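Chain naming here is simple, since letters A, B, ... match the order of the sequence lines and numbering starts at 1 in each. Since the model is a prediction, treat every value here as computed from it, not as a measurement.
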Amino acid sequence: QGSAPETQQPGEASGTVQPSEEGSKGIEGKKIKIGWSPPDITNVFKTATDYMEKAVEEANAAGLDVELITRSATEHTDAADQVKTLENFIQNKVDVVIVSPTEVEAIKPALKEINEAGIPIIMVNMLDEQEGIDIANFVGFDNAQAASVSAYSMLDALGGPGVVGEGETVELPEDGMLDLKWWTELYKDVDKESISGKVAMIEGIAGDFFSNERTRGFMEVISQYPNVEIVAQQPADWNRQKAVEAAENILQNNPELDAIYASCAEMALGTSIAAESAGRADDLIIISNDGTAETIQAIKDGKIMAETWHGFPEWGWYGVQFAVQLALGEEVPLKYDIRPRTEYSGNADNFYPEPKLEAIDWQTIIDNAK
Amino acid sequence: MMAEYILEMKDIVKSFYGVTVLRGVNFGVRPGEVHVLLGENGAGKSTLMKILSGVYKADSGDILIDGKKADVRDPAHSLALGIGMVYQELSLVPEVSVVENIWLGNLPAGKMKFIDWNGAKKRTKQIFDDLGVDIDVNRKTSSYDLGIQQLIEIFRVISKEVKIVILDEPTSSLTDVEVEKLFRTIRKLKKQGISFVYITHKLEEVFEIGDRVTVLRDGSTIGNTIETIEEATEDGLVRMMVGRTIDEQYPKISSVTPEAILEARGLSDGKNFFDVSFTLHKGEVLGVAGLVGSGRSNLARALFGLRRLTDGEITYRGERYAPKNPSRAIENRFGLITKDRKDGLLLHMPIRTNICISKKEGLVKGGFCLRANEKEEAEKYMRLLNIDANSSSRKVRDLSGGNQQKVAVARWICNGTKLFIMDEPTRGVDVGARVEVYNLINEITGNGGAVLMISSDMPELLGISDNIMVMKRGRVTAMLESGECTQELILEKAAGSEMK
Amino acid sequence: MKSENTVKKQSAGYILQKFSAIVILLAIIVIMSIGSENFFSGKNFLNILNQSAVLGIMAIGMTFVIITGGIDLSVGSLMALSGSVMAVAATSLSVPPLLAVLFGIAVSTGMGFLNGFIITKGKIQPFVATLGMYTALEGVALLVTDGLPISGIPEQMLAVGSQSAGGVVPYSIFVFAAVAVIGWILLDRTVLGRNTIAVGGNEEASKTAGIKTDRTKITIYALSGLCCGIGGLVMTGRLNSANALMGDGMELQAITAAALGGTSLAGGVGSIGGTVIGVLTIGVLNNGLDLMNTTPFWQKVILGIMIVAVVLLDSWRKRKFND
Amino acid sequence: MKSENTVKKQSAGYILQKFSAIVILLAIIVIMSIGSENFFSGKNFLNILNQSAVLGIMAIGMTFVIITGGIDLSVGSLMALSGSVMAVAATSLSVPPLLAVLFGIAVSTGMGFLNGFIITKGKIQPFVATLGMYTALEGVALLVTDGLPISGIPEQMLAVGSQSAGGVVPYSIFVFAAVAVIGWILLDRTVLGRNTIAVGGNEEASKTAGIKTDRTKITIYALSGLCCGIGGLVMTGRLNSANALMGDGMELQAITAAALGGTSLAGGVGSIGGTVIGVLTIGVLNNGLDLMNTTPFWQKVILGIMIVAVVLLDSWRKRKFND
Ligand SMILES: Nc1ncnc2c1ncn2[C@@H]1O[C@H](COP(=O)(O)OP(=O)(O)OP(=O)(O)O)[C@@H](O)[C@H]1O
Ligand SMILES: Nc1ncnc2c1ncn2[C@@H]1O[C@H](COP(=O)(O)OP(=O)(O)OP(=O)(O)O)[C@@H](O)[C@H]1O
Ligand SMILES: [Mg+2]
Ligand SMILES: [Mg+2]
């Protein structure tokens with residue numbers, strides 16, 4: 001991957017564009033086809049797609065000729081369908097593939113084929129390097145880490161130190177990023193028995209990679225705290241209507257419940273509906289992962305206590321930037337870490353309605369390619 | 001005598017939902033005989049035979065085959081025991097070819113279980129040629145008329161290696177020509193020692209083909225088996241069956257008037273009938289004769305709006321009439337008794353619904369069914385037609401064949417039908433009930449209605465019709481007054497050169 | 001005398017047959033009550049009814065369709081589409097809530113009509129026709145909502161699915177009950193209902209009896225669309241928002257509910273009461289297994305086995321008391 | 001003379017009828033070739049065939065089931081279960097690859113047998129029985145894999161689904177072809193096949209003709225399970241791993257493929273050739289729409305409409321040349 005920085009993060013100077021070693025290339029009239037394969041084309045993936053389209057628009061306004069082809073799997077779990085899409089991208093002669101995997105292991109053969117066809121791959125939604133396949137760039141975060149951040153928000157809300165709940169309030173970090181590093185540092189010396197509560201978990205699809213990762217990350221932190229008890233755990237398939245039902249039943253079964261961790265935005269919104277109808281709107285702690293316009297609003301309205309930001313706008317925005325750079329033969333960082341971080345009532349304005357995205361310097365990219 | 005009886009049924013008892021249908025029936029069949037089983041509709045004939053063929057299990061009683069007790073488990077087992085049965089209601093697979101239906105259940109297969117199609121076809125053609133029937137063995141079975149299908153089913157059973165053949169009203173939709181072919185076959189097989197149980201409502205057949213007769217009434221045998229057919233008389237048999245005498249089997253009252261109710265000119269459907277013209281008068285019964293496949297049924301369907309006419313015009317009560325669909329026909333007081341009861345009756349629904357479904361006046365209000373009125377109306381017609389069921393909410397499926405037919409008739413009478421199209425109206429109806437149907441026809445014509453009666457039953461055709469239209473291969477070959485008409489004349493016009 | 005006896009025996013069998021589904025449901029309730037201390041309570045029963053309402057409303061429409069001998073795989077998409085249309089109309093297009101609701105219901109009824117039209121006039125199998133519609137309409141719903149959940153819906157529109165009478169009994173339950181009662185009257189007492197049963201049992205014979213079979217079927221598919229429209233309204237209230245995929249998988253659940261209630265997929269046989277019991281059986285199973293804290297994988301195994309067990313038991317009972 | 005004429009006319013109609021599905025498929029191919037420059041190429045056709053192989057294998061089993069008048073909604077779960085069982089056996093349990101494969105196929109065949117057994121002996125509707133099995137077996141597959149994708153599977157086991165003959169023609173295509181040919185011979189030439197058609201066409205008649213209808217049906221459901229087992233092997237190779245959810249939604253696709261190919265869901269009518277064409281139609285549509293750069297929402301709309309259009313056209317042709 002040459003001399004590009006290993007991992008870039010928000011807050012660092014973005015668009016650290018290195019001139020290509022091959023020197024200038026004629027880019028006039030060069031059409032750049034980007035194939036984008038999300039596992040689903042609604043909600044958060046739709047947000048990512050919207051920002052991709054926005055970035056493409058800007059790129060084209062700057063004088064490039066970029067085309068974005070979006071094709072999602074029919075089902076969130078349908079790896080075989082995504083494999084087909086990826087194979088068809090090869091047939092369609094795209095220049096770069098951006099993929100958010102349904103199931104990493106399952107789409108590896110297709111990614112290998114893309115490698116063999118000489119098409120660079122950008123993977124979004126994760127950072128884990130995969131054996132045997134060549135990923136040119138990751139835009140994402142570690143799902144387990146993101147869930148760990150949520151776990152700390154949860155501890156905070158149950159009375160631990162931090163910025164969210166009623167516990168001891170601490171100073172914000174300089175860059176305002178309540179990421180895993182900051183939380184771990186903060187909780188290093190906390191007495192593990194001092195925090196207690198009854199918590200339920202609503203997971204994504206039982207058996208799904210992302211669902212498993214989030215559960216693992218969350219439990220990794222929570223299991224260190226013996227008095228925080230997980231009393232129920234149920235899948236709701238990343239789905240609002242199923243989450244309402246799951247949360248209703250959990251609340252029915254556990255009148256003493258303190259908090260619910262719902263591992264995605266849709267399920268958190270569903271949980272808040274159930275909390276409201278159970279008369280627990282005011283005191284039930286809801287923590288989630290994702291970050292969408294609707295959840296940010298829910299945080300502002302006090303329906304959700306805190307959420308961990310996954311940066312969907314960034315996926316789209318930087319995904320397209322890196323894709324264009326790769327298509328033009330330029331160097332890109334191997335990893336762009338979204339840095340999953342806590343959103344809460346105190347910082348919600350930073351995320352939506354206008355996410356803070358740094359402008360992409362398309363002109364420099366074009367100049368470098370020449 | 002060790003094996004006087006090849007088959008014996010002893011003290012057979014059977015009930016459905018607590019209703020006893022067979023009350024200890026005894027029945028024996030000798031080798032090489034045709035044993036006729038007679039009885040009113042609902043007497044239990046079919047049920048008794050279905051116990052023999054393994055469709056039902058008797059509540060008690062024994063079956064002895066060749067003197068050995070046999071516990072018939074299912075139809076496959078019954079076949080293995082040498083008993084073949086042709087059911088009253090057709091049981092063919094409609095979507096496959098004729099050969100395949102003939103060999104259903106034992107397709108000839110070589111090693112590896114691959115089917116020997118050529119062999120099967122050859123053998124089928126052989127059977128058909130021997131019997132003198134012209135059926136294309138490759139054609140889809142459902143493309144053939146009910147009569148042909150009935151023949152196919154009979155041949156299927158006969159072509160198997162069985163010792164006893166049960167024929168449950170095999171001739172109910174056959175014309176005399178086919179019946180004759182069937183009888184020839186039966187006589188031939190009898191000589192080879194094969195026994196037949198023969199169920200029918202056509203008494204003349206009893207004397208033609210029967211050797212011995214057993215009569216069932218209400219689930220019990222009446223008297224002993226009649227040992228020689230010569231001992232029996234038609235009147236005697238009728239009395240045994242219905243428990244009373246019937247003076248007149250064809251009680252015809254002619255009410256025909258010169259006033260035309262329906263005039264058909266040059267009707268054609270482009271496929272089954274061509275250039276058919278006739279006039280139906282107020283009070284007339286116009287019989288339609290013809291062989292199987294002569295296009296009569298399709299003509300009936302077309303008149304009722306179930307089939308498109310490609311040509312011709314119809315004048316009905318003085319006005320042009322286009323039979324667009326059945327509901328239009330019904331509004332105009334047409335009624336249709338279909339040849340196959342399954343095409344006309346809603347077997348899965350109660351008697352009440354079946355009788356009342358086509359009538360609106362007094363039974364429907366604002367889209368709601370008036371249940372009390374329906375019940376009353378249905379019960380009225382059940383009494384009128386002697387429909388044997390304990391309640392109007394019984395499903396028609398559970399009735400005996402003859403009673404089902406009465407329900408079909410009841411619907412149209414209930415609807416005040418003026419123009420009755422009847423395709424084999426007494427198919428499967430017992431002698432007693434038949435007279436009731438004829439009386440109803442008299443009532444219809446007496447009230448100024450008209451009947452177009454398709455029938456393959458010659459005595460019925462001659463006895464009930466005012467005029468008879470004969471069809472052959474879709475064309476009208478004769479228009480006869482029934483008074484001056486004989487069976488031979490009709491047959492000649494219907495079959496012509498094919499009879500030789 | 002003989003016939004009286006018969007009637008009595010028959011009706012005893014009949015009652016047992018008719019109510020075997022209820023007996024099974026009660027048995028499940030007993031088991032669940034033993035399995036979880038929180039199951040048997042008025043509040044939880046209201047909870048179950050509320051959770052079952054949308055499925056119930058759709059299953060009643062589905063029952064009619066199945067009785068005609070058809071099937072409607074598009075109900076999930078239709079429900080989501082109707083909710084989405086209402087939501088978008090009431091928010092982005094600022095249509096007054098009542099009008100928006102009517103519009104949404106009209107759209108899904110219209111699409112139901114289209115289903116029926118294609119099936120009868122094009123003479124194609126309901127399974128494929130409605131499967132195609134399911135895919136196409138999901139696409140339409142996604143286009144309408146742009147793939148995002150629609151929130152910020154006016155309170156009046158959400159009330160049916162989110163509020164409770166006296167703060168206790170959710171309105172959704174009343175809607176379910178009303179649809180069930182109307183459905184029952186329609187099927188048992190009206191000409192349309194009778195024709196539906198006739199057509200499903202024997203189309204040819206129905207035609208001969210003068211029933212306009214195509215018209216009957218089209219009406220029934222439109223009716224199913226109507227139920228989906230109402231379901232969409234309730235669901236939107238329940239989710240406080242609408243999205244294009246909120247009906248996913250509900251077609252199979254609705255069919256299962258009808259089948260559990262004794263409706264034959266061959267057509268001609270079925271009852272609304274049975275379907276209501278079927279819906280409740282599914283609701284109780286889901287809720288009870290949740291409350292019993294079974295792990296998710298085992299929950300699937302048990303749920304699947306229970307479905308099979310319920311129909312097996314029901315079929316066994318029917319045969320036992322019928323012959 | 002007249003009857004000869006009839007036969008001729010009929011067979012002309014027959015050919016057109018039989019091949020109308022092919023004509024439609026060709027038409028779609030022409031449209032796609034015009035719509036996308038990358039569509040019409042040998043490589044892309046191999047690609048389509050490879051993508052269709054698993055569905056094709058399962059759809060052939062499904063065709064048999066539908067012809068008996070049944071339906072098998074459990075095929076997706078069965079396929080995933082068989083793949084999962086093989087994978088777990090070959091990795092965690094270190095069973096030799098060949099044995100593992102046989103074991104996986106045996107499991108899904110056995111479960112297919114169980115489907116048939118429940119349906120025939122329990123006398124319950126295939127739709128509900130297999131829907132219950134679908135849920136239960138998905139749970140079992142999740143338990144077997146512990147909900148995780150199983151990777152690190154021995155190369156020999158993956159080869160069928162991942163390697164190509166001469167590096168060009170994927171083996172999966174040969175497997176599909178072999179299953180299709182065997183299926184065709186089975187249906188057209190053997191007693192089992194003809195009994196399948198008879199049972200679906202008229203079960204009562206088949207029974208009275210001495211066919212062991214239950215046994216026939218059970219065999220066919222087991223056969224469908226066998227096809228799923230083979231599909232699981234190919235899919236595992238294709239995904240370089242196995243997971244419990246990899247069959248999700250394939251049941252509806254398999255049914256659609258059979259129906260597109262002219263198999264009647266009422267039973268008694270169907271052909272393997274038709275199903276193969278149906279599978280290819282779905283494959284071509286998916287692939288072509290991908291290559292034509294339609295946006296995802298529109299893609300659903302178009303796909304749904306195309307499915308309806310294909311069956312409409314087919315039904316119209318059949319009527320036109322049949323009566
Ligand atoms: N499956 C069944 N369920 C309930 N009742 C039945 C069933 N089959 C027959 N029955 C009843 O048993 C009685 C005898 O019927 P069966 O069919 O044996 O009469 P049948 O003598 O053959 O009359 P037909 O001459 O009209 O054919 C009738 O009352 C009929 O209603
Ligand atoms: N021997 C035959 N060969 C070929 N086709 C036949 C034959 N017999 C009947 N058909 C076909 O069967 C169909 C039925 O014709 P239709 O029902 O009008 O005859 P039908 O005279 O009413 O018969 P039936 O006398 O039994 O009532 C027609 O399509 C006809 O072509
Ligand atoms: Mg009988
Ligand atoms: Mg006729």
Side-chain angles (χ1 to χ4, degrees), chain C residues 69 71 73-74 77 118 121-147 244 251-253 255-256 258-260 263-266 295-316 318-319, chain D residues 69 71 73-74 77 118 121-147 244 251-253 255-256 258-260 263-266 295-316 318-319:
Chain C
I71 202 159
L73 295 178
S74 71
S77 295
I118 297 173
K121 300 305 173 187
K123 299 194 196 306
I124 62 179
Q125 306 192 40
F127 197 100
V128 212
T130 56
L131 189 70
M133 285 291 274
Y134 151 83
T135 311
L137 293 178
E138 187 169 296
V140 174
L142 285 165
L143 284 170
V144 168
T145 59
D146 199 24
E251 55 286 340
L252 290 187
Q253 283 186 53
I255 299 167
T256 309
L260 285 179
T263 300
S264 158
L265 284 142
T295 64
F297 300 165
W298 275 110
Q299 197 160 359
K300 285 197 187 234
V301 177
I302 297 171
L303 186 67
I305 293 176
M306 289 292 252
I307 288 176
V308 174
V310 168
V311 284
L312 273 177
L313 222 66
D314 195 43
S315 146
W316 171 80
K318 269 188 192 155
R319 269 175 295 146
Chain D
I71 202 157
L73 295 178
S74 71
S77 294
I118 296 173
K121 300 305 174 192
K123 298 195 198 307
I124 62 178
Q125 306 192 41
F127 198 101
V128 212
T130 57
L131 189 71
M133 285 291 274
Y134 152 85
T135 310
L137 293 178
E138 187 170 294
V140 173
L142 283 164
L143 286 170
V144 168
T145 59
D146 198 24
E251 55 287 340
L252 290 187
Q253 283 186 54
I255 298 167
T256 308
L260 285 180
T263 299
S264 158
L265 285 143
T295 63
F297 300 163
W298 277 109
Q299 199 159 12
K300 286 201 185 227
V301 178
I302 297 172
L303 186 67
I305 292 177
M306 289 291 251
I307 289 176
V308 174
V310 168
V311 282
L312 273 177
L313 221 66
D314 195 44
S315 145
W316 173 81
K318 266 186 196 157
R319 268 174 296 148

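- Residue D:Ile307 touches chain C through its side chain alone, counting heavy-atom pairs closer than 4.5 Å.
- In terms of heavy-atom pairs under 4.5 Å with chain C, the best-connected choice from D:Asp146, D:Leu260, D:Thr130, D:Val310 is D:Asp146.
- At a 4.5 Å heavy-atom cutoff, the contact between D:Ile71 and chain C is made by side-chain atoms alone.
- For the atom pair CE of C:Met306 and OG1 of D:Thr135, the computed distance is 13.0 Å after rounding to the nearest 0.5 Å.
- With sequence neighbours left out, D:Glu251 forms a salt bridge (Lys or Arg N to Asp or Glu O under 4.0 Å) with no residue at all.
- With respect to chain C, the highest number of heavy-atom pairs below 4.5 Å among D:Leu303, D:Ile305, D:Val128, D:Thr295 belongs to D:Val128.
- Contact detail for D:Phe127 and C:Leu252: the closest heavy-atom pair is CZ-CD2, 3.9 Å.
- In this structure, the side chain of C:Gln125 does not engage the main chain of D:Ala259 through any donor-acceptor pair within 3.5 Å.
- Contact between D:Ser315 and C:Ile124 at its shortest, heavy atoms only, is CB-CG2, 3.7 Å.
- Note: D:Lys123 NZ to C:Leu312 CG = 11.5 Å, rounded to the nearest 0.5 Å.
- Using a 4.5 Å cut-off between heavy atoms, D:Thr263 touches chain C through its backbone atoms (N, CA, C, O) alone.
- Contact count against chain C (heavy-atom pairs under 4.5 Å) is highest for D:Ala136 among D:Ala266, D:Pro296, D:Gly139, D:Ala136.
- The parts of D:Ser264 that come within reach of chain C are both its backbone and its side chain, each placing non-hydrogen atoms under 4.5 angstrom from that chain.
- D:Ile255 touches chain C through its side chain: at least one heavy atom from C-beta onward sits under 4.5 Å away, while N, CA, C and O do not.
- Most heavy-atom pairs under 4.5 Å with chain C: of the set D:Ile302, D:Val301, D:Val311, this distinction falls to D:Val301.
- Of all heavy-atom pairs between D:Leu143 and C:Phe297, the closest is CD2-CB, 3.6 Å.
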